[in-house]
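So the structure is just underneath, and the comments pick up after that.
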Amino acid sequence: MRIAHVWMEHARLNQTFTYDCRSFDVQAGMRVSVGFGNQTLVAFVDHVEVIQDRFAYEQECGYQLKSILNVIDVEPIFNSELMDLGKWMAYQTLSTVISCYQAMLPNKLKPKSSSGNIKKDIFVHFVKDVEGLTKKQIELLDMCRNGDVLRKDMRSVSISAFKNLLLSGAICLVEKEVEAKVGVFEQLEKPLALTAYQQKAFDEVCASDAICLLHGITGSGKTEIYLQLADKVIRNHEQVLILVPEISLTPQMVKRVQRRFGHQVAIYHSGLNDQEKYEQYQRVRKNEVSIVVGTRSSIFMPFSNLGLIIVDEEHDASYKQDSVPRYHCRDIAIERAKYHGAKLVLGSATPSLESYARALKGVYHLVSLTRRVYGDLPTCEIVDMSKEMRKGNDIISSTLYQSLKECLANGKQAILLLNRRGYTPILRCTECAHVMKCPHCDVALSYHKDDHVLKCHICGESFSANPICPSCHSKSWRFLGVGTQRLEEEVQRLFPQARILRMDADVSRKKGAHEKVLSAFERQEADILVGTQMISKGLDYPNVTLVGILQADALLSHSDYRCVEITFDYLVQASGRSGRGTDEGKVILQAYDASHYVMHTASKQDYVAFFRQEMQYRHLGQYPPYSYFVSIVVSSLEQNVVSQEAFEIKSWFVDKGISVLGPSELLKKQDLYRYRVLLRSKNLEDMRQWVHMWYASYPNRKVKVAIDVNPLFLD
Ligand code: ADP
Ligand code: ZN
Ligand code: ZN
């Protein structure tokens, strides 16, 4: 008799269960519904096995074999590559196999009870010619003679003729899945002639068998190289995947790929609804597209013949998923490229230290682009804000003011960046100096003038903007600090004639607003764009000749060991928006810690100098990439329970000879007290096995546990 080994949808334990499946046609990689306890659950078939003796089998596994209730899929939704990939990922990230399968599939196909239905439409199908039709009826019948047409399209021509045809048996109705609408692309753009530098890089990538790290300064024309690599692979009848950090942040990349390759492209990102995602996924599965441009989760697309994967902005933190399974898209890309024998290109102006270190060691092949396509890098000036403060300029320095004035006088555009949304980030009581904090999280509330509320940027909750001080009952407050809303107001005050647009999470929350603001700026309907780091990367506006970065050192005060690297990336990417056309660009960095090496290296866009300095510091502290981290965060509503737990975890690992940092108390988040235990080792594989062993034997379920292998953020 045939039995199926299945992964259950809500499994806490990482194991399969067995069901009798002899009355169904099931295969590995299909979803089924099964009874579990007294519920009906969705499960995912791992494999099917034939057993001889049911009784002996039941004795061995300790339960009676129930029959599966129903098969959900007509054919497997995963092939063996993806089945194996999910298991590999579960092991790598210390999560359950089912959570990986769920993460790998679009919502409508997830092995979950909550995955919605797939949208279907009714079509008219040609059956046969019949005698005695009217002219109108023949006209309708001809509509579907060479392929099914939508019922509503035929009915819109003539309802009565349609009904009569149906009665006569000439046509019948069939239900089919809705297919993706594909845009019309008439005039496709031709490839550009590569510059000598681009050509050299292109040839090097083609000639290398290894993973390539394409390190090219901002504006060096990496995208054109990607497009030409893609073209070459498609001509060879293989598929291409271009990964981008966040589609909404890189709208231009999508447009450029579409203009080059038209309907051969599928776009896949979080802005699509479930049905749209499903449709794009099916297009790839049916081999209807040759290129996918997408964010993190498109690494799991069902390619059958992948020839090239490009990870653009490979250093970007959005490639790491911050919920279970905590995978890094780059790791998955390496694994899939290996399976398909595909070329893998990691591109960035500011590679992650880890990737660059690997390239220097020869694990990756390093390809460098050190010239811009047009002109030179922008000139950059660092302004010491402590001096400016004494002059009374606490928001816009005199240098930035002058540069803005010139920029506007020349009819050029400027971008001003401040990594803090809202109006003011701090509200302090004038009587007792109490700072208003979120009652659920350990952070100060920001005042948002637009909606006149106080907001918590961690949990998102809003509070009255006229609070009573909880410690002295006063109602008089001082607004401290600057957010983007206040910056916009200040710039408008200084330049009353300027047309200003603002772009931050508050603006982009409204559907379509993001696109609207950026394209208005692109059409030069505004002179100044004010925003957070949302506008620091990917934008290519040739008319922008000035970029001002306010509080350029704000991130340095974080305790995270990566804060300098993150600052460098941000400053270089943001500076890279200036002077991308034929006009010379300028960048002004405003900072209090103006002499920090990150300011100097970023102002020259000197990645290599930054890398050397930063690696020394990482070496001293034995931080990654000199070691590996695994983070274990425990959380609970009760502080003493969770702190005690953290210390017990620490001693478990210390006993096994693993170096442990912490436990350190993290900010309270949504009423949960949180502690982090950080494991460190030079041998990741070894450490991973210890964590597997610890977790399997972990008896205490009083606290929530989150495990993160190679964590990107430690705050
Ligand atoms: P990067 O991705 O490295 O920051 P881009 O690919 O955006 O750089 O290129 C910068 C600008 O140069 C873009 O406007 C692009 O259209 C243009 N460009 C790139 N390659 C060429 C080329 N070979 N000839 C002419 N223009 C080019
Ligand atoms: Zn007070
Ligand atoms: Zn909060």
Side-chain angles (χ1 to χ4, degrees), residues 189-202 214-230 242 244-245 250-257 259-260 310 312-314 345 347-351 367-378 427-446 453-463 467-478 522 536-544 572-583 585 605 607 667-672:
E189 244 173 40
K190 293 211 172 54
L192 302 171
L194 295 181
T195 64
Y197 296 101
Q198 283 174 318
Q199 187 65 49
K200 188 166 164 282
F202 178 88
L214 179 59
H215 172 220
I217 60 169
T218 54
S220 59
K222 295 185 288 296
T223 310
E224 185 60 33
I225 297 180
Y226 300 156
L227 296 178
Q228 302 208 10
L229 287 169
I242 302 179
V244 292
T250 49
Q252 289 184 317
M253 169 69 103
V254 172
K255 276 192 223 147
R256 278 165 80 175
V257 181
R259 274 190 302 223
R260 193 67 59 85
I310 288 162
D312 188 30
E313 313 287 5
E314 68 91 30
V345 178
S348 177
T350 53
V367 181
S368 300
L369 272 173
T370 52
R371 297 285 175 93
R372 276 194 161 184
V373 176
Y374 299 112
D376 294 321
L377 282 170
L427 203 59
R428 180 183 285 162
C429 173
T430 50
E431 301 294 321
C432 74
H434 176 86
V435 171
M436 274 307 281
K437 283 190 171 178
C438 173
H440 313 293
C441 315
D442 254 348
V443 297
L445 293 171
S446 298
V453 288
L454 296 175
K455 273 191 203 169
C456 169
H457 288 183
I458 298 289
C459 68
E461 208 178 313
S462 299
F463 303 88
I468 296 170
C469 174
S471 73
C472 77
H473 307 291
S474 142
K475 274 180 113 175
S476 113
W477 298 92
R478 263 194 81 187
E522 186 167 19
S536 68
K537 49 195 167 185
L539 303 177
D540 184 29
Y541 302 139
N543 202 44
V544 173
V572 169
Q573 296 290 343
S575 310
R577 302 312 113 208
S578 181
R580 292 172 75 88
T582 40
D583 295 299
Q605 297 222 0
Y607 177 81
L667 289 179
K668 186 170 84 170
K669 210 176 191 173
Q670 294 177 304
D671 294 322
L672 288 173

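Just follow the structure's listing: the first ligand is 1, and inside any ligand the first atom is 1.
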Nearest-contact summary for [atom] - protein heavy atom, Å:
| atom | answer |
| --- | --- |
| atom 25 (C) of ligand 1 | Tyr374 OH, 3.5 Å |
| atom 4 (O) of ligand 1 | Gly219 N, 2.7 Å |
| atom 8 (O) of ligand 1 | Gly221 N, 3.1 Å |
| atom 20 (N) of ligand 1 | Gln198 NE2, 2.9 Å |

For residues [X] and [Y], determine if any side-chain heavy atom of one lies less than 4.5 Å from a side-chain heavy atom of the other.
| X | Y | answer |
| --- | --- | --- |
| Tyr607 | Val572 | no |
| Cys441 | Leu667 | no |
| Tyr374 | Pro542 | no |
| Glu431 | Cys469 | no |
| His440 | Cys456 | no |

| message | Just by distance, no angles: are the side chains of Gln198 and Gln228 close enough, under 3.5 Å, to form a donor-acceptor pair? | response |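 Looking only at side-chain atoms, Gln228 and Gln198 do not form any donor-acceptor pair under 3.5 Å.
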| query | Ignoring hydrogens and geometry, is there a side-chain-to-backbone donor-acceptor pair from Ser578 to Gly585 under 3.5 Å? | reply |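 Not a single qualifying donor-acceptor pair exists.
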| Run the side-chain contact (heavy atoms from CB on, under 4.5 Å) check on Ser446 and His457 step by step: do they pass? | CA-CA 8 Å; Ser446 298; His457 288 183; 3.5 Å; yes
| query | Going by an N to O cut-off under 4.0 Å, is there a salt bridge joining Glu224 and Arg260? | reply |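 Salt bridge present between Glu224 and Arg260.
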| task | State whether the number of non-hydrogen atoms from other residues, nucleotides or ligands found under 6.0 Å of Asp671 atom CG is greater than 12. | result |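 It does: Asp671 CG has more than 12 such atoms within range.
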Option with minimal heavy-atom separation from [atom], where the choices are [options]:
| atom | options | result |
| --- | --- | --- |
| atom 14 (O) of ligand 1 | Thr223, Leu192, Asp540, Leu227 | Asp540 |
| atom 16 (O) of ligand 1 | Arg256, Arg577, Glu224 | Arg256 |
| atom 3 (O) of ligand 1 | Gln573, Lys222, Gln199 | Lys222 |

| Proximity flag Ser220 to ligand 1, non-hydrogen atoms under 4.0 Å |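 Right, Ser220 reaches ligand 1.
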| field | Residue of the set Arg577, Arg580, Arg372, Gln573 for which side chain to side chain donor-acceptor pair (under 3.5 Å) holds with Thr218 | value |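 By the side chain to side chain donor-acceptor pair (under 3.5 Å) criterion, Thr218 pairs with just one of Arg577, Arg580, Arg372, Gln573: Arg372.
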| Quick one: which ligand 1 atoms are inside 4.0 Å of a heavy atom on Thr218? |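 Atoms satisfying the 4.0 Å criterion: 4 (O).
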| What atoms of ligand 1 come closer than 4.0 angstrom to any heavy atom of Thr195? |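 Counting atoms of ligand 1 from 1, those under 4.0 Å from Thr195 are 23 (N).
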| field | Protein N/O/S neighbour count - the Zn ion (ligand 2), strictly under 2.8 Å | value |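 Atoms of protein N, O or S type lying less than 2.8 Å from the Zn ion (ligand 2) total 4.
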| message | Let's go through Leu214 and Tyr226 carefully: what are the C-alpha distance in whole Å and the side-chain angles of both, what is the deciding distance for side-chain contact (heavy atoms from CB on, under 4.5 Å) to 0.1 Å, and is it a yes or a no? | response | CA-CA 10 Å; Leu214 179 59; Tyr226 300 156; 4.0 Å; yes
| task | Kindly determine whether Ile217 and Leu369 satisfy side-chain contact (heavy atoms from CB on, under 4.5 Å), including the steps that lead there. | result | CA-CA 6 Å; Ile217 60 169; Leu369 272 173; 5.8 Å; no
| Which N, O or S atoms belonging to the protein are less than 2.8 Å from the Zn ion (ligand 3)? |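 Checking every protein N, O and S atom gives Cys438 SG, Cys441 SG, Cys456 SG, Cys459 SG.
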| task | Look only at interatomic distance and state if Val373 has a nitrogen or oxygen under 3.5 Å from any nitrogen or oxygen of ligand 1. | result |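 N/O-N/O distance below 3.5 Å does not exist for this pair.
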| message | Please work out, at 4.0 Å between heavy atoms, whether the side chain, the backbone, both, or neither of Ala193 comes within that distance of ligand 1. | response |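 Answer for Ala193: backbone.
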| query | Atom CE of Met436 and atom SG of Cys429: how far apart are they, to the nearest 0.5 Å? | reply |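 These two atoms lie 10.0 Å from each other.
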| field | Intermediate values then yes/no, side-chain contact (heavy atoms from CB on, under 4.5 Å), Leu445 and Leu427 | value | CA-CA 7 Å; Leu445 293 171; Leu427 203 59; over 6 Å; no
